[in-house]
Amino acid sequence: MIGRMLSLCLLITATTAAQQVVTPGNVTGVNINGQTIRITTAHAKAEITAWSHNVVRVRMDRQELGKDFSYAVVATPKNFAPVITQNENEIRLETDSLVARIGKKPFSVSFLTKSGEVLQADEPGLGTSWIGEEVTAYKTMQEGERFLGLGEKTGNLDRRGSSYTNWNTDAFGYTVNQDPIYATIPFYIGVHHGKSYGLFFDNSFRTNFNFGASNNRFASFSANSGEMNYYFIHHPEVAGIIAAYTWLAGRMPMPPMWSLGYQQNRYSYYPEAEVMRIAQTLREKQIPADGITLDIHYMDAYKLFTWNKQRFPDPAGMNARLRKMGFRTTVIVDPGIKTEANYHAYESGKKADIFIKYSDGQYYTGQVWPGWCHFPDFTGAKGRSWWKDQVKGYVDAGVDGLWNDMNEIATWGQNMPDNVLFDFEGRTATHREAHNVYGSAMVRASYEGARAAMQGRRPFILTRAGYAGLQRYTAIWTGDNRAEDDHMLLGVRLMNSLGLSGVAFSGMDIGGFTGNGSPALYARWIQLGAFLPYCRSHTGINTKSAEPWAFGEEVLEIARNYINLRYRLLPYLYSGFHEASATGMPIMRTLAIGYTHDPLVYDPRFQNQFLLGDGILVAPFDSKQTYAPVYLPGGAWYNLYNDAKETPGEKMLTLGMHTLPVYIRESSIIPMQSLVQSTAEKPTDTLFLHVYKGARSHRFEYYEDDGETFAYEKGASFRRVIRYEPAEGNLVLEQPQNGVPSHFRQIQLVLHGFGNSTAKVNGTERNLTEGEWVAVQPVSRFDPQGVANPVVKCAVKTLTLPNNDQSITVNVE
């Protein structure tokens, strides 16, 4: 009896201790070594390091800090000398950009501007603390503070008042407020009092972010285990914060040009005759397209690395025929390998011992499409190497793209046991720590395997799941959405948030994956899709067809109009992708990037608006709306279709099915090309440089490369800075930096809003030609008397110049 009582008392004591809130307490020791401050407190260890002038890292644990490791961070600290001082109350770390103050009694961390204004501070009395294994940082919520980003998260642009969990989840047909969904990017941007900062919490366990949900005191971020490990970033501009974050987590490589073209998909196109029918119909109906995507029905009984020989008797021959028509093939790949004797992937995976295991050494088995499956361990070099060998078979069959799906990891039941172990680059981790990074590890193996097998050509990789830094290997799409208006608009916010979080190459299923949308919805969605980084129509099994011609002739003409426009815009888009690869700046940009402190950009009426690049503003709307407000921030804007000049502010629009509201920012420079039916077809040799008269100075970097290989990494590209200087009335085409010649022999200036009939080119007067420019063709009138609606056009002036290696200054008023 006494023994049982003693055991019970010990259990109660241990349970009570586990539930206590443990804070670091006072600082008891400080060691300063170059850029790093190592701190011992009463109950914790901490390490604070200046990684650059505007990035400071904070690591904390209740035990000695472990080996430094990250799947997300690829940068190393820059070598510089911050000013570090201390007294009995605090330690002060100062760089050229910010000040970090570390309190000693008790331990706390605050970040300030150089002038002493608070950017972010630990909430007094709370700070960082532990409850059992769970660690939480509590930050004072500043007056009027807004919170942006956090990757693929539903809800409003401004996250204030909401909380979010990071746990990659197979979220079929998710609701517009569901959380979590597929991807984890624990990085957000805070905005208050005219200032902004970024915070990246690099912890791959299940994490939670609370931006004032159920409290009015703090914002917090927590993990159910692991270190408190975050990077604080300061820059006056949100663009600078994105640049610093992507310096840490990496930036995207240049994609293959064909992946920017229109992609056609459904679940699923089969057999081969159906695939060829779709391709032939796209060409017959003159809908520009570059890709056909095959879902799981191309496989033999859903077994990875196989082809169903009845449906696809000659995959290499089919893909070669598609290539001759200007199409590239993308196939879906799931991680589950069916446990079937004599199935080559299963047998070779067992032989190589690359599948994840329970803690007792048995392989984990979960059920997905093929049935019971084992799963490769992509967190170890051995597993990735095996996967790379398997991927080569797809490349040999003429496949150019790999669509990575079900990699959350998804299994039927959605509850993988926590005692499944992963290699985790040699240090072994449970499912709790490895789950959120599994998708990124898979796409790394897919990218590296495809890149090696394609022998110098760029692969296209797409994923559903991932962790911070996924952009180094893959594009992402927003998963199994619904054919509903609110999902179309949610998709815009998801993609805008991904762009804020370092992922520039993103897309959503145009038309909606689940359910059957109306013709009006598809028309609006395909118009919007023309302005998305990744443009793919897709729909699920047992739904109506969702190709552009499936909704009737009127919708077909609308779809053709906007896909045509996308292909003409490819020089602008491709230059935007180069900017993303160089700086991390997304192609698709929430207005919060350029107009951060304008409260109207966060208004629910306007939060779905976005910029494509610097110059094109897109205003998405519900397909059933007939009237709606649009907000034009800052400066003047031009209506894309008729060049009507608009002043900034709120406007009430009358909406129609034929056109999507699109505006061009004053002073913008928009390069375009002639229409092609695929990127395999060469445009004419004239680059059309659209310039919109305005009052702001503007700089645009035009970029070309071969669109196919990695030669650009060795300088084989053509770059030209183009400056518009309104004060002098000059358009300056700087001398190009060209490792290779431009694709275009001529440049035609297409001038919008300019009044003069002449211009001076390097001091020589030239006449301008009066002309017209049409963004989209009129849609037919589908009645017995009608032919077509009126042409809506812009009156422009044009001037053709040789595209040579000289600097060109055009003076035009």
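None of the values given here were measured: they were computed from a predicted structure.
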S.K.: Mind running side chain to side chain contact (heavy atoms under 4.5 Å, CB included) on Met254 and Phe577 for me, showing each step along the way?
M.R.: CA-CA 7 Å; Met254 284 300 293; Phe577 272 91; 4.3 Å; yes
S.K.: For atom NZ of Lys309, is the number of surrounding heavy atoms from other residues, nucleotides or ligands below 6.0 Å larger than 12?
M.R.: yes
S.K.: In this structure, is the centre-to-centre distance between the rings of Trp412 and Trp372 below 6.0 Å?
M.R.: no
S.K.: Going by atom types alone, do Asn265 and Thr293 pair a side-chain donor with an acceptor below 3.5 Å?
M.R.: no
S.K.: Quick check: does any side chain N or O of Thr514 sit under 3.5 Å from a backbone N or O of Gly173, one acting as donor and the other as acceptor?
M.R.: no
S.K.: Using the rule salt bridge (charged side-chain N to carboxylate O under 4.0 Å, His left out), only one of Arg328, Arg458, Arg451 pairs with Asp400; which is it?
M.R.: Arg328
S.K.: Do side-chain atoms of Arg566 reach the backbone of Leu573 as a donor and acceptor pair under 3.5 angstrom?
M.R.: no
S.K.: My understanding is that only one of Trp307, Tyr302, Phe312 makes a ring pair (Phe, Tyr, Trp, His ring centres under 6.0 Å) with His297; could you say which?
M.R.: Tyr302
S.K.: With side chains defined as the heavy atoms from C-beta onward, is the minimum distance between Arg266 and Thr543 less than 4.5 Å?
M.R.: yes
S.K.: If the plane angle is over 60° it's perpendicular, under 30° parallel, otherwise tilted; pick one for Tyr438 and Phe422.
M.R.: perpendicular
S.K.: If only side-chain N and O atoms count, and only distance matters, is there a donor-acceptor pair under 3.5 Å linking Tyr267 with Asn542?
M.R.: no
S.K.: Assess whether a salt bridge exists between Asp423 and Arg384, defined as any Lys/Arg side-chain N lying under 4.0 Å from an Asp/Glu carboxylate O.
M.R.: no
S.K.: Counting C-beta onward and ignoring hydrogens, is there a side-chain heavy-atom pair between Pro533 and Phe505 closer than 4.5 Å?
M.R.: yes
S.K.: Verify whether one side chain among Trp387 and Ser446 offers a donor that lies under 3.5 Å from an acceptor in the other.
M.R.: yes
S.K.: Would you say the side chain of Thr339 lies within less than 4.5 Å of the side chain of Phe355, judging by non-hydrogen atoms?
M.R.: no
S.K.: Mind checking the CD1-CD spacing from Ile278 to Gln280? Nearest 0.5 Å is all I need.
M.R.: 11.5 Å
S.K.: Has the side chain of His374 got a donor or acceptor atom that lies under 3.5 Å from a matching backbone atom of Lys338?
M.R.: no
S.K.: Please identify each residue that fulfils side-chain contact (heavy atoms from CB on, under 4.5 Å) with Ala183, with sequence neighbours left out.
M.R.: Glu152, Ile476
S.K.: Does some side-chain heavy atom of Cys373 sit less than 4.5 Å from a side-chain heavy atom of Tyr363?
M.R.: no
S.K.: Is there a donor in the side chain of Glu425 and an acceptor in the side chain of Tyr71, or the other way round, less than 3.5 Å apart?
M.R.: yes
S.K.: Is a side-chain donor-acceptor pair under 3.5 Å present for Tyr574 with Asp705?
M.R.: yes
S.K.: What's the separation between atom CD in Gln263 and atom OG1 in Thr329, rounded to the nearest 0.5 Å?
M.R.: 10.0 Å
S.K.: For the pair Glu272 and Arg321, find out whether any cationic side-chain nitrogen is under 4.0 Å from an anionic carboxylate oxygen.
M.R.: yes
S.K.: Rounded to the nearest 0.5 Å, what's the gap from CG on Leu532 to OG1 on Thr478? Could you check?
M.R.: 9.5 Å
S.K.: Mark yes or no for whether Thr709, through its side chain, and Ala711, through its backbone, hold a donor-acceptor pair below 3.5 Å.
M.R.: yes
S.K.: Between Leu260 and Thr679, is any pair of side-chain heavy atoms under 4.5 Å apart?
M.R.: no
S.K.: Determine whether Met406 and Arg464 make a side-chain contact, defined as any pair of heavy atoms from C-beta on separated by less than 4.5 Å.
M.R.: yes
S.K.: Who pairs with Gln390 by side-chain contact (heavy atoms from CB on, under 4.5 Å), at least two apart in sequence or on another chain?
M.R.: Phe305, His344, Ser348, Trp386
S.K.: Do the side chain of Asn404 and the main chain of Asp334 share a donor and acceptor less than 3.5 angstrom apart?
M.R.: no
S.K.: Please determine whether a side-chain nitrogen of the Lys or Arg among Lys350 and Glu347 lies less than 4.0 Å from a carboxylate oxygen of the Asp or Glu.
M.R.: yes
S.K.: Apply salt bridge (charged side-chain N to carboxylate O under 4.0 Å, His left out) to Glu681 and list each qualifying residue two or more places apart in sequence or on a separate chain.
M.R.: none
S.K.: In sequence, state the C-alpha distance, the side-chain angles, and the governing distance for Arg427 and Glu433, and then conclude on salt bridge (charged side-chain N to carboxylate O under 4.0 Å, His left out).
M.R.: CA-CA 12 Å; Arg427 68 175 183 85; Glu433 187 173 11; 2.7 Å; yes
S.K.: Going by the rule salt bridge (charged side-chain N to carboxylate O under 4.0 Å, His left out), which residues pair with Lys153 if we only count those two or more places apart in sequence or in a different chain?
M.R.: Asp179
S.K.: Can you sort out the partners of Asn229 under side-chain contact (heavy atoms from CB on, under 4.5 Å), two or more places apart, ordered by chain and number?
M.R.: Arg57, Arg59, Asp202, Glu227, Tyr231
S.K.: Among side-chain atoms of Asn407 and Thr463, is any donor-acceptor pair under 3.5 angstrom?
M.R.: yes
S.K.: Once you round to the nearest 0.5 Å, how far does OH of Tyr346 lie from NZ of Lys303?
M.R.: 12.5 Å
S.K.: Which pair of non-hydrogen atoms, one from Tyr245 and one from Ala468, has the smallest distance, and what is that distance?
M.R.: OH-CB, 3.3 Å
S.K.: Below 6.0 angstrom between ring centroids: does that apply to Tyr364 and Tyr358?
M.R.: yes
S.K.: Are Thr184 and Asn168 close enough that a side-chain donor and a side-chain acceptor fall under 3.5 Å?
M.R.: yes
S.K.: Could you tell me whether a side-chain N or O of Gln455 sits under 3.5 Å from a main-chain N or O of Ala452, the two making a donor and an acceptor?
M.R.: no
S.K.: Under 3.5 Å, is there a donor-acceptor pair between the side chain of Ser440 and the main chain of Val437?
M.R.: no
S.K.: Please confirm whether the ring centroid of Tyr188 lies under 6.0 Å from the ring centroid of Tyr164.
M.R.: no
S.K.: Any side-chain to backbone donor/acceptor pair from Asn203 onto Ser225? Under 3.5 Å, distance only.
M.R.: yes
S.K.: Checking Asn224 now: which residues fulfil side-chain contact (heavy atoms from CB on, under 4.5 Å) with it, not counting sequence neighbours?
M.R.: Phe205, Arg206, Arg432
S.K.: Does a side chain donor of either Ser537 or Tyr522 reach within less than 3.5 Å of an acceptor in the other side chain?
M.R.: yes
S.K.: Is the shortest distance from a Lys or Arg side-chain nitrogen in Arg536 or Asp509 to a carboxylate oxygen in the other one below 4.0 Å?
M.R.: yes
S.K.: Of all the heavy-atom pairs spanning Ala580 and Ile587, show the shortest one and how long it is.
M.R.: CB-CD1, 4.0 Å
S.K.: Would one find more than 12 heavy atoms of other residues, nucleotides or ligands at under 6.0 Å from atom CD of Glu284?
M.R.: yes
S.K.: Output the distance between atom CZ (Phe187) and atom CZ (Phe209), rounded to the nearest 0.5 Å.
M.R.: 10.5 Å
S.K.: Does any N or O in the side chain of Tyr182 come within less than 3.5 Å of the main-chain N or O of Ala171, such that one atom is a donor and the other an acceptor?
M.R.: yes
S.K.: Should Tyr447 and Pro459 count as side-chain neighbours, where that means a heavy-atom distance under 4.5 Å?
M.R.: yes
S.K.: Does any N or O in the side chain of Ser501 come within less than 3.5 Å of the main-chain N or O of Ser497, such that one atom is a donor and the other an acceptor?
M.R.: yes
S.K.: Nearest 0.5 Å please: distance from the OG1 atom of Thr154 over to the CD atom of Gln178.
M.R.: 7.5 Å
S.K.: Taking the side chain as C-beta and beyond, is there a heavy-atom pair between Arg283 and Met325 under 4.5 Å?
M.R.: yes
S.K.: Would Met318 and Ile292 count as a side chain to side chain contact (heavy atoms under 4.5 Å, CB included) here? Give the steps.
M.R.: CA-CA 12 Å; Met318 178 190 71; Ile292 301 285; over 6 Å; no
S.K.: Verify the distance criterion only: is there a donor paired with an acceptor across the side chains of Asp377 and Thr379 at less than 3.5 Å?
M.R.: yes
